[in-house]
A.B. asks: 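Structure below; questions to follow.
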Amino acid sequence: DILHAFAEFMRSAPVLDFIRTVTGKTAILFADAQGTAYHPGDFLTGHDDAVEGKNRELAYVMGLTPEWHVEWGGLLLFHEADGRISGLVPRFNCLNMFALPVLHSVRHVTPFAGGVRYAVTGWMRTAAYYFELSGSPETLGSDSSYLRFYTRAERVWPLSGPWHLRLRGEFGSSWVN
């Protein structure tokens with residue numbers, strides 16, 4: 001799907017190299033992505049994305065809504081320590097990226113907005129999650145020699161039993177040949 005393709009693009013070597021060079025954040029290893037849709041009445045309260053164990057260095061918002069108007073709301077707002085607030089109007093095909101942690105929010109989308117504010121958002125991270133799984137293909141339901149774990153960033157490892165890996169965070173798994 002297109003979201004997966006965008007996530008693959010964001011974690012491709014040329015893009016990661018470019019982002020490391022531009023930001024000076026040389027420890028970044030991968031990116032993740034999620035689709036967002038803010039309908040009239042939607043908003044996101046202030047937060048800083050500093051979640052222990054998530055290893056987030058940068059956040060990004062890729063605007064996907066053509067012809068968004070400032071009076072429709074939905075602005076990405078940055079909250080300064082002195083109380084000042086600055087904001088970015090959603091723009092189509094525009095990648096906004098910022099270092100973390102920083103207090104930010106998304107302004108209320110007005111009831112008269114002429115559409116939905118679509119974006120792909122995500123984070124540039126410095127480390128993958130830590131996995132835990134004990135078993136074998138037979139006990140876990142497959143005869144394949146590879147197990148694919150995916151969090152926000154997908155990795156594939158060749159495994160041989162007995163296995164013992166640890167996972168911290170949300171995950172899914174599938175067997176691949």
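Being a predicted model, the structure only gives us computed values, none of them experimental. The chain is numbered in sequence order, starting from 1.
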A.B. asks: Answer yes if V22 and L58 sit in the same cluster of Ile, Leu, Val, Met, Phe, Trp and Tyr residues linked by side chain heavy atoms under 4.5 Å apart, and no otherwise.
C.D. replies: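 Linked within one cluster.
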
A.B. asks: When you group the ILVMFWY residues by side-chain heavy-atom contacts below 4.5 Å and let the links chain together, are F18 and F6 in the same group?
C.D. replies: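 Shared cluster, yes.
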
A.B. asks: Has N96 got a side-chain atom pairing as donor or acceptor with Y60's backbone, closer than 3.5 angstrom?
C.D. replies: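 It does not hold such a pair.
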
A.B. asks: Looking at every heavy atom in both H39 and V109, which two are closest together, and how far apart are they?
C.D. replies: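 Minimum heavy-atom separation between H39 and V109: O-CB, 3.5 Å.
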
A.B. asks: Tell me, with the steps shown, if F43 and V106 meet side chain to side chain contact (heavy atoms under 4.5 Å, CB included).
C.D. replies: CA-CA 5 Å; F43 62 94; V106 175; 5.7 Å; no

A.B. asks: At their closest point, which heavy atom of V120 faces which heavy atom of A33, and how far apart are they?
C.D. replies: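 So the minimum-distance heavy-atom pair works out to CG1-CB, 3.7 Å.
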
A.B. asks: Can you measure from CD1 (I19) to OG1 (T26) and round to the nearest 0.5 angstrom?
C.D. replies: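 The distance works out to 13.5 Å.
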
A.B. asks: Could you tell me whether a side-chain N or O of R20 sits under 3.5 Å from a main-chain N or O of I28, the two making a donor and an acceptor?
C.D. replies: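 Side chain of R20 to backbone of I28: a pair is present.
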
A.B. asks: For residues M10 and M62, determine if any side-chain heavy atom of one lies less than 4.5 Å from a side-chain heavy atom of the other.
C.D. replies: no

A.B. asks: Side chain to side chain donor-acceptor pair (under 3.5 Å) for H47 and H104? Distances and angles first, verdict last.
C.D. replies: CA-CA 6 Å; H47 62 285; H104 60 284; 3.1 Å; yes

A.B. asks: Should S105 and L77 count as side-chain neighbours, where that means a heavy-atom distance under 4.5 Å?
C.D. replies: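 Sidechains of L77 and S105: in contact.
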
A.B. asks: Taking the side chain from T36 and the backbone from Y118, do they hold a donor-acceptor pair closer than 3.5 Å?
C.D. replies: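 Here the side-chain-to-backbone pair does not exist.
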
A.B. asks: Out of curiosity, does V89 fall in the hydrophobic cluster containing F98 (side-chain heavy atoms, cut-off under 4.5 Å, transitive links)?
C.D. replies: no

A.B. asks: State whether the side chain of R56 and the backbone N or O of R125 hold a donor-acceptor pair below 3.5 Å, judged by distance alone.
C.D. replies: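 Side chain of R56 to backbone of R125, a donor-acceptor pair under 3.5 Å: no, none is there.
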
A.B. asks: Could you label the plane-to-plane angle of the W72 and H69 rings as parallel, tilted or perpendicular, counting under 30° as parallel and over 60° as perpendicular?
C.D. replies: perpendicular

A.B. asks: Quick check on the hydrophobic clustering: are V70 and L76 connected, directly or via other members, by side-chain heavy-atom contacts under 4.5 Å?
C.D. replies: no

A.B. asks: List the steps and the verdict of side chain to side chain contact (heavy atoms under 4.5 Å, CB included) for N55 and W123.
C.D. replies: CA-CA 9 Å; N55 304 306; W123 299 273; over 6 Å; no

A.B. asks: Please report the shortest heavy-atom distance between A99 and K25, naming the atom on each side.
C.D. replies: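 Result for this residue pair: CB-CE, 4.4 Å.
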
A.B. asks: For T121 and Q34, run side chain to side chain donor-acceptor pair (under 3.5 Å): C-alpha distance rounded to whole Å, both residues' side-chain angles, the deciding distance at 0.1 Å, then the answer.
C.D. replies: CA-CA 5 Å; T121 64; Q34 62 187 9; 3.2 Å; yes

A.B. asks: In this structure, would F92 and V61 fall into the same cluster of hydrophobic residues linked by side-chain contacts under 4.5 Å?
C.D. replies: no

A.B. asks: First locate atom OG1 of T21, then atom CG of L16, and finally report the distance between them rounded to the nearest 0.5 Å.
C.D. replies: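 Reported value, rounded in 0.5 Å steps: 10.5 Å.
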
A.B. asks: Which pair of heavy atoms, one from P40 and one from T110, lies closest together, and at what distance?
C.D. replies: CB-O, 3.4 Å

A.B. asks: Please report the interatomic distance CG(L64) to CZ(R91), rounded to the nearest 0.5 Å.
C.D. replies: 13.5 Å

A.B. asks: Check whether Y38 forms a cation-pi arrangement with R117 (NZ or CZ under 6.0 Å from the six-membered ring centre, at most 45° off the ring normal).
C.D. replies: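 That pair qualifies as a cation-pi contact.
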
A.B. asks: Please round to the nearest 0.5 Å and tell me the distance separating atom CE of M124 and atom CZ of F30.
C.D. replies: 9.5 Å

A.B. asks: Should the heavy atoms of other residues, nucleotides or ligands under 6.0 Å from CD of E67 be counted, would the total exceed 12?
C.D. replies: no

A.B. asks: Locate the shortest heavy-atom distance separating L100 from D48; write the atom from each residue and the value.
C.D. replies: CD2-O, 3.7 Å

